[in-house]
Amino acid sequence: MSHVANDPADFADDSTTGFVAAHRGLVRRVPGGVARSAATPPDQVALVIGGGSGHYPAFAGLVGPGLAHAAAMGNVFASPSAQQVYTVAKSVATTAGVLLSYGNYAGDVLNFDAAQERLIAEGIPCRTVRVTDDIYSAPPAEWQKRRGVAGDLAVFRAAAWAAERGSSLEEVAALAERANERTRSIGIAFSGCTLPGATEPLFTVPPGQMAVGMGIHGEPGIDIRPVPSAREMAEQCVDALLAERPDSVSTTPGTRVAVIINGLGSVKGEELFVMYGAVSEKLESAGLTIVEPEIGEYATSFDMAGLSVTLLWLDDELETVWRSPAYTPAYRKGSVGAAAESEAAEAAPDAAEQEAIPVASDASRNAGRVAQAAIDSIRAVIDRDVDELGRLDAIAGDGDHGIGMQRGVHAAAAAAQELSAAGAGAGTVLARAGDAWADKAGGTSGALWGAALRAAGERLGDEHHPDAQAVADAIQNARATVQRMGKAELGDKTMVDAIVPFTDELTAKVGEGQRLSAAWSRAAERATAAAADTAEMLPRLGRARPHAEKSLGTPDPGAVSFALAMTAVAHVLTANAEEQGEQS
């Protein structure tokens with residue numbers, strides 16, 4: 001658990017403030033994260049990494065010469081928003097382009113991909129390389145679904161080395177992809193981790209046991225085993241990694257490998273050296289030659305007691321990469337020439353802060369006040385059930401769904417209140433509240449809720465008071481956006497399993513001539529039933545997928561939170577309809 005904190009909701013921001021203050025010679029703060037204190041050299045590809053906080057030194061600690069140019073930083077265990085990734089990338093981009101690289105998690109994919117689309121639309125070349133080194137997060141045939149853990153370091157180093165020697169964006173991406181293809185990791189946990197402000201860990205491990213294959217966000221492992229000796233533990237890890245040797249790798253004696261022994265938070269350096277001693281003995285007996293091993297913390301999981309073992313099968317070029325110098329707040333190797341001092345330009349405010357509020361009709365402003373009340377009702381119900389949503393998510397996921405929803409809806413409610421008070425129409429209230437939700441929450445649910453609200457707002461506009469059909473059309477637009485971005489279908493055990501029946505029911509009842517409040521209430525009932533039905537499904541997407549059987553009998557937290565939200569909005573619409581009836 002965290003012992004040093006102010007408001008837990010501000011933990012990531014407070015930590016970043018202290019980090020930048022401690023390393024002013026190396027990094028500067030930019031909207032959404034941190035960047036090198038020196039400007040990117042002209043015509044050099046910029047490497048932008050990132051992910052949730054709680055994994056230090058990933059990701060901010062790996063910004064500096066020989067490694068990343070910048071890092072986008074989300075809240076604890078939550079991906080940075082698309083806006084954060086975009087602003088961080090813009091702060092270091094050159095005409096040579098930007099490479100985005102990060103661990104392969106659903107929320108990161110959604111947000112980094114959205115940022116990439118925006119960068120390309122503005123004429124900035126952009127590519128992505130996702131790290132997929134965790135061998136137990138998906139089978140070899142589905143390696144594209146694997147998570148990224150401490151193997152991030154190997155991939156980031158390859159990309160940075162290529163960028164700093166003047167390679168093109170395509171060449172930088174190609175070398176990073178080769179490093180990723182040759183990197184494999186396995187993790188072990190002896191205890192769970194506890195988020196700042198929480199009183200219970202995201203998962204627990206029985207005394208004397210270890211979880212094998214767990215994720216760095218608290219995702220449960222694939223197996224619980226008795227804790228063996230360090231030598232036996234090393235044998236289990238190395239045997240699993242050698243069984244995953246890439247097809248392109250030579251099997252001749254003397255094959256060269258880089259090794260990373262990574263502490264996940266609470267395992268001490270001396271213990272990691274004990275583990276390395278056993279790992280090196282096993283690797284050398286298998287005929288492998290170890291090149292400059294790294295033992296320490298490179299990608300942690302807050303206070304988790306655990307470790308991971310990573311192998312990078314080297315070729316001549318990757319060995320040059322691995323031996324090359326780097327100088328960052330948390331990773332220093334060899335000798336790097338002093339970077340030229342540069343005065344970083346003051347970051348421009350976010351575009352959303354510069355936008356004037358569009359002119360709206362009186363009718364749309366009235367609808368905007370109803371939209372604001374609806375979002376506020378969602379805030380209230382999420383506050384009420386935040387712990388239960390986290391409990392549901394922890395069964396097969398990482399347990400942060402409730403906290404992520406809470407962060408997002410509080411930001412959306414504050415934005416909606418400010419916009420409504422300033423006379424914004426319904427479309428603007430919903431769209432910009434969605435932007436605030438996505439930016440503050442990060443993660444998969446943050447990106448999807450933010451995009452859904454924006455899609456609904458864009459469909460409604462600010463000119464007219466939306467009738468029932470207009471609202472139903474707006475919800476259809478939101479549903480289509482969620483499915484396009486999240487790639488989920490009915491039966492995948494996601495929010496889609498509640499939003500699709502909700503949308504279908506709302507459209508049908510409005511088509512039958514029911515007033516909006518009645519149609520919405522019926523649709524909310526349908527969504528609630530559909531969310532409950534997800535208990536009998538097995539997840540096919542997201543962090544819960546590798547532990548599908550553990551979620552059987554438990555409803556999907558995303559579907560449950562959606563149903564709760566729509567039920568809360570139904571009460572607002574019913575009260576508004578009654579008020580309008582009384583006034584008439």
Side-chain angles (χ1 to χ4, degrees), residues 106 374-375 377-378 381-382 384-386 388-397 401-402 404-405 408-409 443-453 455-456 468 471-512 514 516-545 548-574:
I375 294 172
S377 74
I378 299 175
V381 76
I382 296 301
R384 185 194 72 193
D385 290 342
V386 61
E388 175 62 11
L389 293 173
R391 185 192 70 79
L392 292 175
D393 191 35
I395 289 171
H401 181 70
M405 287 288 293
V409 74
T444 306
S445 66
L448 295 179
W449 270 93
L453 287 174
V471 172
D473 291 344
I475 297 301
Q476 285 281 8
N477 201 37
R479 177 204 59 77
T481 298
V482 167
Q483 288 195 268
R484 175 180 58 80
M485 289 183 62
K487 309 293 192 296
E489 301 292 340
L490 282 173
D492 285 341
K493 195 166 187 173
T494 69
M495 181 174 80
V496 165
D497 290 299
I499 194 173
V500 168
F502 174 86
T503 306
D504 290 347
E505 189 72 12
L506 180 65
T507 299
K509 295 304 180 185
V510 168
E512 294 171 5
Q514 287 193 12
L516 178 60
S517 58
W520 193 288
S521 295
R522 181 66 190 93
E525 292 172 1
R526 177 84 181 276
T528 300
D533 289 344
T534 63
E536 303 310 314
M537 298 178 182
L538 292 175
R540 299 189 297 225
L541 292 174
R543 291 179 185 169
R545 177 187 50 78
E549 71 288 346
K550 294 184 179 180
S551 77
L552 193 62
T554 301
D556 176 68
V560 170
S561 61
F562 177 82
L564 289 170
M566 295 305 99
T567 301
V569 174
H571 296 317
V572 172
L573 295 178
T574 298

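In what follows, every heavy atom counts, from backbone to side chain, and hydrogens, waters and symmetry copies are set aside. Sequential numbering from 1 along the given sequence is applied to the chain's residues.
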Does any part of the side chain of L448, heavy atoms only, come nearer than 4.5 Å to the side chain of M485, both counted from C-beta? yes
If I take atom CG from residue D393 and atom CG from residue D556, how far apart are they, to the nearest 0.5 angstrom? 8.5 Å
To the nearest 0.5 Å, how far apart are CG in L453 and OG1 in T481? 11.0 Å
Are the side chains of M537 and T534 in contact, using a 4.5 Å heavy-atom criterion? yes
Write down the atom of A527, the atom of A498, and the distance for their closest heavy-atom approach. CB-O, 3.8 Å
Please tell me if the side chains of V496 and Q483 come closer than 4.5 Å, counting only heavy atoms from C-beta onward. yes
Exercise: identify the closest heavy-atom pair between L564 and V381: O-CG1, 4.0 Å
Would you mind reporting whether M566 and W520 have side-chain heavy atoms less than 4.5 Å apart? yes
How long is the straight-line distance from NZ of K509 back to CZ of R522, given to the nearest 0.5 Å? 6.0 Å
Rounded to the nearest 0.5 Å, what separates atom CD1 in I395 from atom OG1 in T554? 3.5 Å
Does some side-chain heavy atom of V386 sit less than 4.5 Å from a side-chain heavy atom of M405? no
Step by step, work out the side-chain hydrogen bond (donor to acceptor under 3.5 Å, both in side chains) result for S561 and H401. CA-CA 9 Å; S561 61; H401 181 70; 2.9 Å; yes
K493 and A535 have their tightest heavy-atom pair at NZ-O, 3.9 Å
For the backbone of I382 and the side chain of D385, can you confirm whether one donor and one acceptor N or O come within less than 3.5 Å of each other? no
Could you tell me whether the side chain of D497 and the main chain of L490 form a donor-acceptor pair under 3.5 Å? no
Ignoring hydrogens, what is the shortest heavy-atom contact between I499 and R479? Give both atom names and the distance. CD1-CA, 4.0 Å
Could you pull out the closest heavy-atom pair between A488 and T494, with the gap in Å? CB-OG1, 3.5 Å
Run the side-chain contact (heavy atoms from CB on, under 4.5 Å) test on V569 and I378 for me, step by step, so that the C-alpha distance in whole Å, both residues' side-chain angles and the decisive distance to 0.1 Å come before the verdict. CA-CA 7 Å; V569 174; I378 299 175; 3.8 Å; yes
So CG of L506 and CD of Q514: to nearest 0.5 Å the spacing works out to 9.5 Å
Quick check: closest heavy atoms across S521 and T574, and the distance to 0.1 Å? OG-OG1, 3.7 Å
Decide yes or no for F502 and I475: does some side-chain heavy atom of the first lie under 4.5 Å from some side-chain heavy atom of the second? yes
